[in-house]
Amino acid sequence: MIDENDHQYNPKAIKTSTSCEQIVSLNVNDRILSNHLGSTSLSSQTQSWESILEKSINAIVSIKANCVRSFDTEESDEYFATGFIVDKERGIILSNRHVVSPAPIVAQAIFKNYEEVELKPIYRDPIHDFGFFKFDPSKIKFMDLVQIPLCPEKAKVGIEIKVVGNDNGETLSILSGTLARLDRRAPMYGTGNYNDFNTFYLQAASGTSGGSSGSPVLDIEGNAVALNAGSTREASSSFYLPLNRVKRALKYIQEGKEVPRGTLQTEFEYKPYDELRHLGLKSTIEKEIREKFPEETGLLVVRIVLPKGPADGLLIPGDIVICANKNMIANFTQLFSIIDDSVGKDIELTICRGKEQIDVKLKIQDLHSITPNRFVEIGGSIINELSYQLAYSYSWSVGGPYIAESGYMFNCASVWCMSIITSVNNIPTPNLDEFINVMKTLSDGARVPIKYYHLSNVNNEYTSIICVDRHWHKFKIAVRDDTTGLWNYEEMPPPSSIHTYKPETAQIQTLDESLQPAGKIWPSLVIVNFCLPYNVNGLRNGQNTQFYGAGMIVSTEPPLIVCDRYTVPISVGDIFITFANSIIIPGKLVYLNPLYNYAIITYDKTLLGDTPVKAIELSEKELTQGDSVYLVGICGDYTPIVKKTTVKRISNVYISKCYPLRWRAVNFEDIELDDYVESIGSNKILFIFTIFIPIITNNFNLGGVLCDNDGNVQGLWLTYSSQDSNYKDITHKCGFSISLVKPTLKSFKIDEVPKLHSLDVEFWTIQISKAKDYGLSDEWVRKVESMPNTKNNMLTVLSILDSTSPSGKLLEVGDIILTINGNMVTKVFDLPTAFHYSEEVDVLILRDGKEMNIKVATTPHYGKETTKIIGWSGAIIQEPYEAALEHVKNVPTGVYVSFRSDGSPSLKLSQGVWITEIQGRKVSDLDSFLEAIYAHEKEIKEKPEENNDGYVRIKTVNNTNVTKVVTMKLDPHYWGIWQLVEDKEAKTGWKFIES
């Protein structure tokens, strides 16, 4: 249920009323909103609540639903609510608008006896907080259906009520209360959220909570006198929607007709007579109205008129409504009964403006016409027409392409949700149709300008560049069909072409002599931009969609650039390279180092024309503590950073595990420089206003190199990603020895795929003083002390990175390394030569005070962590990547759940578990996973009676080997199967396949 004081409006919470409001459609001849206590019959007073509730409960259902796409005011997620049967013959259930939802949803109703049926959303009011579901009554086999009559006329101040429903996730709860007010203003739930208006609400002292949205408010006769909608935290009060307009809408639906709803795009508010006099109401008019409506205490006043609406320029805030079509008007019901019955026609309002009385002719607009019923999916983004609901929230004009979910394509351009697109590729987009037409003309990968503004600041227009995505995601249009309850998709034709880049030549900036040796490095520095389309390998594009960093050209033949793995963290994504701050071309990943913080990308060198780029010169000298060195870096605005400094320290670095689990660098030493230089490397991003337009500040050092006075590169200045104690992403920079990159470059230059061997354990140093406590002999102590640069340390096994590998099975945490292949290894700098190029090594260890010699096969790595990804029921399924195996003693056999989409069936699964069985079929890898899915689909087609209502049984195992069996209801309409498979011919290296 919506909380009036919860302005954060979290639709991901259990929906008791996640968006609340509904018109209090009061009947002119049957005024129920009275401040007077109505008399209650003797029979109702003596009736027992027990018998009434026993019968009514059979009509009340618990609703579980998934909002499958963000749309309008709604965000995708799962929620629980309540509804009740109002027509048992037709199978019509009443609930709140924010439950039925303007967005696409999939919902089920669970009856008292735990029978479950599918629900079809058939109507949601554009403004007021009510809507209807439909179900097939024949599906209920084991109980007799009953319905609850709608009796708005029986709502009286002082009557005892019961709110019966799914309260705070409970299957059934009964809460008592007393109606205290019938004329409360519609509650407000925050700008940008769903808000009801142009109606009264009822109020009672009843503490309803999450899940009770859509509950009937019952009187002692078993009649529904109102619909539960919202509550307030500050007082134990709940708000209920009167049922007059609900009853009217139900009648139209029962007759198979569209519910007529009109609008002036104007909000009215009810003001008492004392305030009306301040606005200029004449006493003669007040006297006449009081005589006509003796129970009324005020009139309607114009509060907001939306620009470009039917009343724009004709009504103004402060206008007092006296008559409509010459009929005296005193409340919402009287006015909107006329408006709703006059769609497409003119009406005449008589208003008081100051001391002047004016007749105004207004054309009634169809409210459904400005309530969106379709959306566009493109580039992982969702765009719909700006609705009346949101336009009202910001007092803005209706219409225009509204970003409900910024997704991949718009996130990469820093165009966030709740933005309105005004033009694409310099073509105006005043509405959704024009936006669709423009996007159809653009080639895949085209970089085009976009103009937009954010609803929170409509006076400021912004520009950006979007890269059109037609390769990671489909371009589709969805249209709502109330006969089926589904949104039907139409896939747009494929793009006419793939964007091609023309060769260009740029001049490299000449740096002043005072900036040397930066001038020698500058032609080799570029900016690399990586865009993340899917949440794989523990990365989350909801947190950071694009990554920027420095790239260093290390070879021009073949063209190769090295950058850190913060910038290019995985193989799935788009890469763009900026040369000379003038040319942007796509890049392609060729190698991800599995242990160290660098990646290697390539590019089409012909696209650079005669641009004088060159490869950096690599030094043969290894940096040591105390060495003088130059840091040459590149800033976000493509200006250089140059600083002569000193190597302060070279030491081991431990990067803690991140959650979700993702790659981290292990077994390396970093090169620390003086404090001032480190501060240059701090990451600073400014956010302008509240709409989060990121601006990289001038002193944002993207990275660079460490070199000597002649420009020979001795190390790289790289960004490392980690998390703080609150699991918030943080970064830091440090130096990295160039000697660890040279072997990889050598392989590429002779056209070989680099092959790196490793032991799947994390090493750390241990002081020999502590090693002696573990049984290290004096002989080994003397050997360590006699070796140069050991710092009297040795290496020990800190953790097991992969317990399934040979090294993971043979080595144990706490093992102290004495020798590898007969050579003493006392620091992590010694590890590359010890085993990176050996298929098997002899390791002498100290374990439990005893020396042991073991032969260990190393693990080969080829620079690609992931080669296939499957999307299924909203989950991203992949083979377990390396970070997912860390510290898992017994790795399950199966496929790994890397991510779950909001609003999808996969929310029933836990993230970070292994799927080992589907419907009793064993799963060992991605191929057997697909076989199990397709076998189940085939089985259901051949034996539909064994469909199990669409549920599938899944066995999962977590990283501590706890087994669970969950059932998940499949939803192939919104959440089908797709694959990303490695494709060397594709420009991104990947191919999208939709099953």
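- The main-chain N or O of Tyr201 is never found under 3.5 Å from a side-chain atom of Arg184 such that the two would form a donor-acceptor pair.
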| field | Worked check of side-chain hydrogen bond (donor to acceptor under 3.5 Å, both in side chains) between Asn198 and Tyr392 | value | CA-CA 12 Å; Asn198 288 337; Tyr392 156 76; over 6 Å; no
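- Remark: side-chain polar atoms of Asn96 are not paired, donor with acceptor, to backbone N or O of His98 under 3.5 angstrom.
- Under the side chain to side chain donor-acceptor pair (under 3.5 Å) criterion, Glu258 pairs with no residue, sequence neighbours left out.
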| said: Apply ring pair (Phe, Tyr, Trp, His ring centres under 6.0 Å) to residues Phe992 and Trp472 and explain how you reach the verdict. | reply: CA-CA 6 Å; Phe992 181 88; Trp472 297 114; 8.6 Å; no
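- Each of Pro972, Pro905, Ser904 was scored for a side chain to side chain contact (heavy atoms under 4.5 Å, CB included) with Ser873, with one residue passing: Pro905.
- Ring orientation note: the planes of Phe332 and Tyr270 are tilted relative to one another, at an angle of 30° to 60°.
- At distances below 3.5 Å, not a single donor-acceptor pair connects side-chain atoms of Gln979 with backbone N or O atoms of Ile993.
- Under the 3.5 Å distance criterion, the side-chain polar atoms of Thr429 are left unmatched by any main-chain donor or acceptor of Asn431.
- Not counting sequence neighbours, Tyr394 has no partner by the side chain to side chain donor-acceptor pair (under 3.5 Å) test.
- Remark: Ser906 OG to Gln911 CD distance equals 9.5 Å, nearest 0.5 Å.
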Would you list the atom pairs, donor with acceptor, under 3.5 Å between side chains in residues 301-312 and any protein atom, with sequence neighbours excluded?
residue: Arg303; atom: NH1; partner: Glu267; partner atom: OE1; Å: 2.6
residue: Asp312; atom: OD2; partner: Lys308; partner atom: N; Å: 2.9

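- Legend: salt bridge (Lys or Arg N to Asp or Glu O under 4.0 Å) pairs involving residues 423-439, not counting sequence neighbours, sorted by first then second residue: Arg374-Asp433.
- Taking CG from Leu119 and NZ from Lys64, the interatomic distance works out to 10.5 Å, rounded to the nearest 0.5 Å.
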Could you list the donor-acceptor pairs under 3.5 angstrom formed between side-chain atoms of residues 477-485 and any protein atom two or more places apart in sequence or on another chain?
residue: Arg480; atom: NE; partner: Asp482; partner atom: OD1; Å: 3.2
residue: Asp481; atom: OD1; partner: Thr483; partner atom: N; Å: 3.0
residue: Asp481; atom: OD1; partner: Thr483; partner atom: OG1; Å: 2.4
residue: Asp481; atom: OD2; partner: Thr483; partner atom: OG1; Å: 3.2
residue: Asp482; atom: OD1; partner: Arg124; partner atom: NH1; Å: 3.2
residue: Thr484; atom: OG1; partner: Asp481; partner atom: O; Å: 3.4
residue: Thr484; atom: OG1; partner: Leu486; partner atom: N; Å: 3.2

Atom pairs and distances, donor-acceptor, side-chain atoms in residues 396-406, under 3.5 Å, two or more places apart:
residue: Trp396; atom: NE1; partner: Tyr453; partner atom: OH; Å: 2.7
residue: Glu405; atom: OE1; partner: Ser70; partner atom: OG; Å: 3.2
residue: Ser406; atom: OG; partner: Asn411; partner atom: OD1; Å: 2.7

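- Note that CG of Asn228 is 4.5 Å distant from OG of Ser212, once rounded to the nearest 0.5 Å.
- Taking CG from Asp366 and CZ from Arg261, the interatomic distance works out to 10.0 Å, rounded to the nearest 0.5 Å.
- Listed by first and then second residue, the salt bridge (Lys or Arg N to Asp or Glu O under 4.0 Å) pairs that reach into residues 442-469 come to none, sequence neighbours excluded.
- Checked against salt bridge (Lys or Arg N to Asp or Glu O under 4.0 Å), Asp341 has the following partners two or more places apart in sequence or in another chain: Arg248.
- In terms of modelled atom types and a separation under 3.5 Å, the side chain of Ser393 and the main chain of Gly192 share a donor-acceptor contact.
- Using a cutoff of 4.0 Å between basic side-chain nitrogens and carboxylate oxygens, Glu377 and Lys474 are not scored as salt-bridged.
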| request: Please lay out, stage by stage, how His973 and Asn488 fare under the test side-chain hydrogen bond (donor to acceptor under 3.5 Å, both in side chains). | output: CA-CA 9 Å; His973 184 81; Asn488 298 320; 4.5 Å; no
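- Residues meeting the side chain to side chain donor-acceptor pair (under 3.5 Å) test with Thr263, sequence neighbours left out: none.
- Between Val259 and Tyr252, the closest heavy-atom pair is CG2-CB, 3.9 Å.
- Side-chain atoms of Asn460 and His454 include no donor-acceptor pair closer than 3.5 Å.
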| Test salt bridge (Lys or Arg N to Asp or Glu O under 4.0 Å) applied to Lys134 and Glu118, step by step | CA-CA 8 Å; Lys134 195 168 186 178; Glu118 291 293 320; over 6 Å; no
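- When all heavy atoms are compared, the tightest approach of Tyr79 to Ser101 is OH-CB, 4.0 Å.
- Taking the ring axis of Tyr489 as reference, the NZ or CZ atom of Lys476 stays within 45° of it and closer than 6.0 Å to the ring centre.
- The side chain to side chain donor-acceptor pair (under 3.5 Å) test applied to Asn529 returns no partner, not counting sequence neighbours.
- Checking side-chain atoms of Tyr974 against main-chain N and O of Pro104 turns up no donor-acceptor pair under 3.5 Å.
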| request: Dump the intermediate steps for salt bridge (Lys or Arg N to Asp or Glu O under 4.0 Å) on Arg69 and Glu74, then the final yes or no. | output: CA-CA 8 Å; Arg69 297 290 188 275; Glu74 307 303 304; over 6 Å; no
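- In summary, the aromatic rings of Phe375 and Trp487 are positioned with their centroids under 6.0 Å apart.
- Judged as a ring-ring contact (aromatic ring centres under 6.0 Å, His included), and not counting sequence neighbours, the contacts of Tyr388 are Phe197.
- A ring-centre distance under 6.0 Å is found for Tyr534 and Trp978.
- The CG atom of Leu390 sits 9.0 Å away from atom CG of Asn193, with the distance rounded to the nearest 0.5 Å.
- Aromatic ring orientation, Phe530 versus Phe547: tilted (interplanar angle from 30° to 60°).
- One finds the CD1 atom of Ile63 at 10.5 Å from the CD atom of Gln108 (value rounded to the nearest 0.5 Å).
- Within the 3.5 Å criterion, the main-chain N or O of Gly874 finds a donor-acceptor partner in the side chain of Ser901.
- When the ring-ring contact (aromatic ring centres under 6.0 Å, His included) test is applied to His368, no partner is found at least two apart in sequence or on another chain.
- For the residue pair Asp72 and Pro102, the shortest heavy atom distance occurs at OD2-CG, 4.2 Å.
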